[in-house]
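To start, the structure itself, in structure tokens.
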Protein chains: 2
Amino acid sequence: MSSIPPSATDFGVAPKLLAYRLPMTPAAGSARSHPATLSDVARLAGVSVATASKALNGRSQVRAETRRRVIEAAERLSFRPNQLARGLLVGRSGTVGLLTSDLEGRFSIPILMGAEDAFGAGEVAVFLCDARGDAIREQHHVRALLGRRVDGLIVVGSRTDPRPSLGRELPVPVVYAYAPSDDPQDLSIVPDNVDAGRIAVEHLLACGRTRIAHITGDPGYAAAHDRAEGAAAALADAGLAPVGEARFGAWSEGWGRAATALLLDRHPEVDAVLCGSDQIARGVMDVLRERGHRVPEDVAVMGFDDWQVLTAASRPPLTSVDMNLEQVGRAAAQALSGAIGGARRSGVESLRCRVVIRGSTAPLS
Amino acid sequence: MSSIPPSATDFGVAPKLLAYRLPMTPAAGSARSHPATLSDVARLAGVSVATASKALNGRSQVRAETRRRVIEAAERLSFRPNQLARGLLVGRSGTVGLLTSDLEGRFSIPILMGAEDAFGAGEVAVFLCDARGDAIREQHHVRALLGRRVDGLIVVGSRTDPRPSLGRELPVPVVYAYAPSDDPQDLSIVPDNVDAGRIAVEHLLACGRTRIAHITGDPGYAAAHDRAEGAAAALADAGLAPVGEARFGAWSEGWGRAATALLLDRHPEVDAVLCGSDQIARGVMDVLRERGHRVPEDVAVMGFDDWQVLTAASRPPLTSVDMNLEQVGRAAAQALSGAIGGARRSGVESLRCRVVIRGSTAPLS
DNA sequence: AAATGAACCGAAAAGGCTTTCTGAAAGCTA
DNA sequence: TAGCTTTCAGAAAGCCTTTTCGGTTCATTT
């Protein structure tokens, strides 16, 4: 969470932070309903619009006394520069488009929050567009955003599988977040799911577990494979074999329950289960408990995604891997700001995930 | 979900919907990197900008042949009218601000989706701002949005308790969604939680249940009281007494478990539990099962919020009350559009909720 | 053939702001 | 006092589009 910087409309004076309601009255005198313009300010201050502009923007060619008069006039009128006009002039609108494919899905939201936060702290406003997973709707939104002269675009995916690029010919820079673009010339910011699988297993190893099983979600998802790959690698590095193959299924509690039943039948010696999602982990823990296995004493359980509703409420609270999605959003926003400033990067950049330890994993005693 | 209307940039020809990538090349000739302007189009078509404008906007004072030439030129250049300039001229930006206080919370998202959908189908773009529950940050955002000359504002709350009004002096209309404004002059769109409590109990009554308990969340929330009030009223109307008082606590599984344990100790005859949230319901069901009560045969359980991850995954799937939040968002968007068009309303408008029936409630056999 | 009208096109202004350039006044040196 | 530099204010252009209004062309009417 970043602090609010002094905005261009502060005119160098401390804003009245404590008043909750905005003093929007057109102020004594001008009973017009339209917001004040710079020429209104100039007239009230007895100067030209040019001078007024310079005074408010901190340009140097204006006497201190004059500047004071202009600032006072601007405040009396609650003047607030028209960003449309400014944008038209300077050729930069100070807006970006945030294009999500699936607002409903829970992965988009934290990314969006991170991006909004990173931009919101500056002077950039964010247009939100949800394509509902529909390419045509996405195109429609891109067109509309370009018409509004956004300075850049962030495309937020709902899964980590590569998605079609918007193309290289767009007049503004684009950053892909979570779902990478299929064009390596584009810049994509994604969580490092392979490493995530690795650090998850490393945590279980550090807890002294050696008979580790992996129950994960839909095999159609790259995330499932990446995590499984990292987990397998970490296991191999430790000279251990997995307990059975990675079990792919669905991202649901039901699959977690079913897979656990099978697992316990064939490998009752298991002492840790790494799950592909928190939902799966919930199902796993339910069956473990019903079958008389204690968590974490007999079997440690780890989830994925660190979804608080699920991790905090389970019994015991669930250790999980957090993808730091808010940071992904923030990084994407920063990368876009850089690209707008001319510093273009390309390729897929991965951000590390982190293990959040709770009660469902503990050292073997 | 609404359909995509023909946009102002379609120039009356069918867009190439099937091409995924946008044909953004600056087209043969003009190797400029800046997007094409109307005068570029006019030059290429051999007409004046005035004529080009009229041709593209479907004005009548243009010969068919000329119009064709202009449209062709516009397409060759991928021309797309600059909305900043248009907005500056017509005094309307075609944008609105969506001010949320808590993006993280799950209630904002569906509302936001509904609003985005309702606007997105028209020609209105949405600025997303998250105030993080901070009044100062909210003010900052309001100022910034007004500087961008939004045509209106939607304020989305994270709980149904009244919130401070933004004030009456804003130069643009404001609609409050989910959390009503404390000023009755403002327009607020909220879910009808009292009625929600009522219809929930009515559903349980329809299932033949007569010994109904109510376990709900944080007593600091208006939603908890409203639902309890509606539930009590419905019970009274049926000539029944509740099984114990409504139990307030927290919106968590843990509280659901704890309250259920107490409930079963004192009122083992209970045959239905209405819960203040799906999380509470999950906890309730866990304890019921552990104590040997079958759901729904012995005890029916109902949740609130209809949060799919929780309702669909539970055993049995959970009947719940859906607040139709997406509809709340849509209604707010429509009300704002109306207000921008001059049709201002005021007061608090409640939208009905609906019961989503799943396996956790069934008629007594 | 001249006048009338319709159809079409373009010049110009407006919208609010920033920036450059010009000009005036003041201060300084010699 | 003449000539110089500095400092500050304002006029005007430009950003891109829409709209009004005046002007041109061409066909029609008498």
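Lettering follows sequence order; numbering is per chain, from 1.
- For A/Asn57 and C/dT20, the CG to P distance is 13 Å, given to the nearest whole Å.
- Atoms CG (A/Leu88) and P (D/dT18) sit 12 Å apart, rounded to a whole Å.
- Of the candidates B/Ile154, B/Leu128, B/Val156, B/Val142, B/Val142 is the only one forming a side chain to side chain contact (heavy atoms under 4.5 Å, CB included) with B/Leu99.
- Going from atom CG of A/Asn82 over to atom P of C/dT18 covers 10 Å, rounded to whole Å.
- Taking atom CZ of A/Arg59 as the reference point, atom C1' of C/dT18 lies 8 Å away to the nearest angstrom.
- Toward the 5′ end of DNA chain C lies the nearest nucleotide of A/Leu84, the other residue of the pair A/Leu84 and A/Lys54 mapping further downstream.
- Between B/Leu77 atom CG and D/dT17 atom P there is a gap of 12 Å when expressed in whole angstrom units.
- Rounded to whole Å, atom C1' of D/dG14 lies 18 Å from atom CZ of A/Arg92.
- Of the side-chain N and O atoms in A/Ser53, one or more sit less than 4.0 angstrom from OP1 or OP2 of C/dT18.
- In this structure, CZ of A/Arg86 is placed 8 Å from P of C/dT19, rounded to the nearest angstrom.
- Sorted by residue number, the members of residues 62-70 of chain A with any non-hydrogen atom under 4.0 Å from DNA chain D read A/Val62, A/Arg63, A/Thr66.
- Mapping A/Thr51 and B/Ala85 onto DNA chain C by nearest heavy atom places B/Ala85 at the nucleotide closer to the 5' end.
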Please evaluate residues B/Asp182 and B/Ser165 with respect to the criterion side chain to side chain donor-acceptor pair (under 3.5 Å), reporting the C-alpha separation (whole Å), side-chain torsions for both, the decisive distance (0.1 Å), and the verdict. CA-CA 6 Å; B/Asp182 62 2; B/Ser165 171; 4.9 Å; no

